[in-house]
Structure formats: structure tokens, C-alpha cells
Amino acid sequence: MLPTQQPPPPLIPTTAKVLPAPLGADLRRLAAQPSAQLSAIREVVADPGLPGWTVDTIQRVLADDEHLAEIAAQSFAHPNGFDSVPLENSHPSHRVRLHVWWPDSPLTLEDVHNHAWSFGSRIMTGALRFQTYRLSAEGAPFFHYPWQLGGGFAYDASSVATVRLAPVLDATFAEHTHYTFDLHELHRVAPVKTTQPVSTLVIIGSWQRDGSDVYTEQPRHGQGYRPLQDPYSPRQLAERLRRYLDCL
């Protein structure tokens, strides 16, 4: 078992909640029914009023020092190339995250992966290139790393194997596109680079397993997960959120 160079920030529920109380209560109630919870999430990300709601939410966060400090402690530059900002963390039932790919950040090729949860997302600004895959004897070779999210956030070296993945979808999703993925969907995304940030609002459902699957074209034995950066300070996060609002 190989530990990472640095564990991710702990999933500590935030005191402040941004989702409407009835919706938050529904997502908590449906946490033990993942398919029903995902249906509720789908309705949220499909709502045409979501972009305006997101702007209002960020403005409320910036006006609340305690909420800002709470989410800054769990906000960081994700190794896949975007800022990850948890506007609400109600783990283990659900989370609400803003992802921002900045135009001046280097383009990072994501590993093919799935998650320990199902989720819904709405592209708020810009566009994303989506690629999905499936296991297939006709596919290209990939190294499979089965990650465990609990404990040391590591993978079991004895379980690493070479598999074959075939592409299913290779498409560009435009601004305001919404989509949902269940936890088994193998995918990776990349921002379509312009002079403006690419961003998504993501609602993550309840954890359904303690792990996920990562697939790489090149071996990463012994290197652990791509290292995470330190969390942002409240001042750093506020600067990034204001910069994001200025771009809208």
C-alpha cells in the first residue's frame, strides 16, 4: 500500500449551507437511495436559474468571513488543473463545488477515472472537452490503479493491472450544458482554452464506496497520487472568487 505525498483536505461539513433548506433536506433524506438522489441533483443542474444563483451564492460567501474561512480550508488547486471550491460541504450526504480552470493555468491531461459518488454538473462559463471510456478487449492499454479514499488515501500496489479501454464519447460540451454521471462512468475532461475561465457548478451525491479507479497511459508505480497543493487562505480564496465574478 503506497501512501500519497500529501493527503487531501479533510471533508469537514461546513456550518453555512448554500442550497435551499428543502433541497438540502431532500438530498440528506435520499442519501441512502443513490439513484433517487441523482434524479434530484439532475433537476438542480438543469434549472435555468442556476447561473444567477451561483453568482448570488459567491457574493454571499464573500460577505461572510466565517463561511469564507470554512471553505478556504478545503479549497485548493486540484492536480487536474482547476480550482476546487466547496461552496457547501454536507458530507456524507452531498457537496456543492465550484470548479474553475483559469486561462493562464497550464493545460493538464486528466487521468481516466471514475468516482466514489455520482454527481451532476452545469457548465457555467466556457466549454469542456469530454471523453468517456469502457473496458474492451479492442481498446488501448492502460494501467489501472484502484484507489482507496479512506485511511492513507492510497492504492494497493498488488492490485495494479494492465487493462484495455475503448473510447465511447469524444465531444465538446458548451456553456450551460448540464449532465449527470454515476460513480462507474469512466471519463476525463479538459477545458477549451480561451482568454476567459472555464467553470462548472458540481453537486456531488453521497459516497457509495471507499475508492475510485484511475487509469493512466504511462505507469505511475510508486509515485502515488498527483500531489495536492496547500489549501488557499481566506484572502487568497476571496481574491480568486472576486476575479471569477469579474470575468462573468
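Keep in mind the model is a prediction, meaning the values are calculated, not measured.
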Look up atom [atom1] in [X] and atom [atom2] in [Y], then write down how far apart they are to the nearest 0.5 Å.
{"X": "His144", "Y": "Thr216", "atom1": "NE2", "atom2": "OG1", "result": "10.5 Å"}
{"X": "Met124", "Y": "His178", "atom1": "CE", "atom2": "NE2", "result": "12.0 Å"}
{"X": "Leu241", "Y": "Thr57", "atom1": "CG", "atom2": "OG1", "result": "11.5 Å"}
{"X": "Thr14", "Y": "Ile71", "atom1": "OG1", "atom2": "CD1", "result": "8.0 Å"}
{"X": "Ile123", "Y": "Leu128", "atom1": "CD1", "atom2": "CG", "result": "4.5 Å"}
{"X": "Leu183", "Y": "Leu38", "atom1": "CG", "atom2": "CG", "result": "10.0 Å"}

Quick one, [X] and [Y] - any side-chain contact, counting heavy atoms below 4.5 Å?
{"X": "Val45", "Y": "Leu201", "answer": "no"}
{"X": "Asn114", "Y": "Glu185", "answer": "no"}
{"X": "Ser84", "Y": "Ser75", "answer": "no"}
{"X": "Val112", "Y": "Val214", "answer": "no"}
{"X": "Thr15", "Y": "Glu66", "answer": "no"}

Can you check whether Phe130 and Tyr179 have ring centres sitting under 6.0 Å from each other?
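So the answer is yes for these two rings.
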Residue pair [X] / [Y], side-chain donor-acceptor N/O under 3.5 Å:
{"X": "Ser206", "Y": "Gln37", "result": "yes"}
{"X": "Glu138", "Y": "Ser136", "result": "no"}
{"X": "Asp83", "Y": "Tyr232", "result": "yes"}
{"X": "His94", "Y": "Glu88", "result": "yes"}

Aromatic ring pairing Phe82/His78, orientation class (parallel under 30°, perpendicular over 60°, tilted between):
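Parallel, since the angle between the ring planes stays under 30°.
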Give a yes or no on whether Arg243 atom CZ has more than 12 heavy-atom contacts from other residues, nucleotides or ligands under 6.0 Å away.
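Check passes, neighbour count above 12.
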Nearest heavy atoms of Arg129 and Asp170, plus distance in Å:
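Heavy-atom minimum between the residues: NH2-OD2, 2.6 Å.
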Non-hydrogen atoms of Leu107 and Ala190 that approach each other most closely
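Scanning both residues, the minimum pair turns out to be CD1-CB, 4.4 Å.
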Pick out which of His113, His187, His115 makes a ring-ring contact (aromatic ring centres under 6.0 Å, His included) with Phe181.
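Among His113, His187, His115, the one that satisfies the ring-ring contact (aromatic ring centres under 6.0 Å, His included) with Phe181 is His187.
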Taking only Lys NZ, Arg NE, NH1 and NH2, and the carboxylate oxygens of Asp or Glu, determine whether Arg235 and Glu239 approach each other closer than 4.0 Å.
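Answer for the salt bridge query: yes.
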Please test Arg29 against Asp26 for salt bridge (Lys or Arg N to Asp or Glu O under 4.0 Å), starting from the C-alpha separation and ending with a verdict.
CA-CA 5 Å; Arg29 178 177 57 82; Asp26 279 347; 3.3 Å; yes
